[in-house]
Amino acid sequence: MAVDDSDTDADTGAADRPQIDIDRVSKVYDPEEEAVTALDGVDFAVEDGEFVCIVGPSGCGKSTLFRIIAGLTDPSGGEVRVAGDPVSGPGPDRGMVFQDDALFPWRTAYRNVTYGLEEVGPPEGETVEGRARRCLELVGLGEFADSYPKTLSGGQRQRVGIARALAVDPPILLMDEPFASLDERTKTSLHTELLDIWTETGKTILFVTHDVEEAVYLADRVVVLTERPGSVAEIVDVGLERPRDRTSDPFVAVKRRVLEHFQD
Ligand code: ADP
């Protein structure tokens, strides 16, 4: 974490702190019975506006880490801070998107997006209706506002999920394998759309995936976790211009570097 060596108010403000600070986070499930140590001292920070992917072998604790950052599960040790404040539960500062779209089947796309807005209210200066329609347009679903989830494709349902997460205008988007169940073509076009949304909105995105190519395509930095118990094996700075060419030598070289951690 950055060391603040000044006493002025300006220098002690949120701008000096990482947006998300994952500070020596550990997780042990069922410590009194058959204890499973899922995470062991995971430590890294995500800066405001960064796109960071977390990858690691199956069972290394990616979802557990996601749930801790989201405030859905407590860590056994360490803590997560968002803008300097310890996470103690879910909050409107962190929008969530899951692999399973988790939409309400009885609500239209529009009414799925208004769901969070009804609880938290629209961002200042916007109406519920205006905000919901703008978010549906942002994900390319303006014309599908009145459609029910069962009439939408898998990719469209994930788009509604993204629109719903964006509706309350959280500074952070947390995404847990959001495209894992989609076909390659849909996944690829959603990658482009997500990067466009990221550029347009300036959100901080923390994206969990087991797909190394997806991580290298999307992220500024890729956090590679070790096998269970998960800890940080390496943080790879991707450093490639966007849009990225998945077949280019530099892309393949970064991918290979990440994949090296998956080999015995
Ligand atoms: P990943 O997302 O990387 O596949 P998970 O976070 O789902 O990994 O799981 C990490 C480890 O923790 C696994 O061994 C899993 O079986 C265990 N685990 C996950 N959730 C629970 C739970 N609720 N109770 C007990 N063990 C769990």
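In listed order, ligands and their atoms are each counted from 1.
Closest protein heavy atom to atom 8 (O) of ligand 1: G61 N, 3.1 Å. Counting only heavy atoms of the protein, atom 27 (C) of ligand 1 lies nearest to Y29 CD1, 3.3 Å. For atom 2 (O) of ligand 1, the closest non-hydrogen atom on the protein side is S63 N, 2.9 Å.
Considering both main-chain and side-chain atoms, K62 comes within under 3.5 Å of ligand 1 through a nitrogen or oxygen pair. Polar contact with ligand 1: present for C60 (N/O pair, distance under 3.5 Å). Backbone and side-chain nitrogen or oxygen atoms of S58 are examined, and none is located within less than 3.5 angstrom of a nitrogen or oxygen of ligand 1.
Within the 4.0 angstrom cut-off, atom 19 (C) of ligand 1 has one or more protein heavy-atom neighbours. Under the 4.0 angstrom criterion, atom 16 (O) of ligand 1 counts as lacking any protein heavy-atom contact.
The pair E79-R24 does not count as a salt bridge, with every side-chain nitrogen at least 4.0 angstrom from each carboxylate oxygen. The pair R242-D196 does not count as a salt bridge, with every side-chain nitrogen at least 4.0 angstrom from each carboxylate oxygen. Taking the charged nitrogens against the carboxylate oxygens, R164 and E118 have no contact shorter than 4.0 Å, which rules out a salt bridge. Electrostatic pairing of E129 and R133 counts as a salt bridge here, judged by a charged N lying under 4.0 Å from a carboxylate O. Ion pairing between a basic and an acidic side chain is recognised when a charged N comes within 4.0 Å of a carboxylate O; D169 and R131 show such pairing. Using a 4.0 Å cut-off between charged nitrogen and carboxylate oxygen, K27 and D74 do not count as a salt-bridge pair.
Of all the heavy atoms of H210, none lies under 4.0 Å from any atom of ligand 1, so neither backbone nor side chain is involved.
By the 30° and 60° cut-offs, the orientation of the rings of F98 relative to F66 is perpendicular.
Without hydrogens or angle criteria, R244 side chain to V216 main chain gives a donor-acceptor distance under 3.5 Å.
Atoms of ligand 1 lying under 4.0 Å from at least one heavy atom of T64, given by number and element, are 5 (P), 6 (O), 9 (O). Proximity to R228 (heavy-atom distance under 4.0 Å) selects the following atoms of ligand 1: 11 (C), 13 (C), 14 (O).
In this structure, G59 is part of the shell of residues with a heavy atom less than 4.0 angstrom from ligand 1.
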